[in-house]
Amino acid sequence: MRLLVDDYFPTAERIRLVVDNLNTHTPSGLVQRFSPPEARRITRKLEFHYTRSMAVGSIWPSVSLRCWPASV
C-alpha cells in the first residue's frame, strides 16, 4: 500500500481499492506492518471497497489499477 501511495500515485487525493473480505485487507492491517503514524498517513489516501465474500473469485479476471480524478 505504501508503494501505491508514495510511488505509483503520489499526487492522487484518494486511491480507491477494491479488496476481498480477508481480515488482513483492512486499514488496521497497516498498523501491524507500519508504525501508527505511518499507517495513518497511508490510510488517509486510501478508500477501501469490499466485495461480497461469494464474488471474490469472479472479480480477479477484471482487476486493474486505475487512478481517477477526485471529481469522479
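- No side-chain donor-acceptor contact under 3.5 Å links Lys45 to the backbone of Glu13.
- Inter-residue side-chain proximity for Leu30 and Leu46 is flagged as met; some heavy-atom pair is nearer than 4.5 Å.
- In this structure, Arg2 pairs ionically with Glu38, as a charged nitrogen and a carboxylate oxygen lie closer than 4.0 Å.
- A salt bridge links Asp6 with Arg41: at least one charged nitrogen is closer than 4.0 Å to a carboxylate oxygen.
- Val31 and Met1 end up in different hydrophobic clusters when Ile, Leu, Val, Met, Phe, Trp and Tyr side chains are linked at under 4.5 Å.
- Atom OG1 in Thr43 sits 11.0 Å away from atom CD1 in Ile15 (nearest 0.5 Å).
- In terms of the salt bridge (charged side-chain N to carboxylate O under 4.0 Å, His left out) criterion, Arg44 has no residue partners (sequence neighbours excluded).
- For the atom pair CD of Glu47 and CZ of Arg14, the computed distance is 5.0 Å after rounding to the nearest 0.5 Å.
- At least one side-chain heavy atom of Leu4 sits under 4.5 Å from a side-chain heavy atom of Leu17.
- Both Phe34 and Phe48 are assigned to one and the same hydrophobic cluster, defined by single-linkage of ILVMFWY side chains at heavy-atom distances under 4.5 Å.
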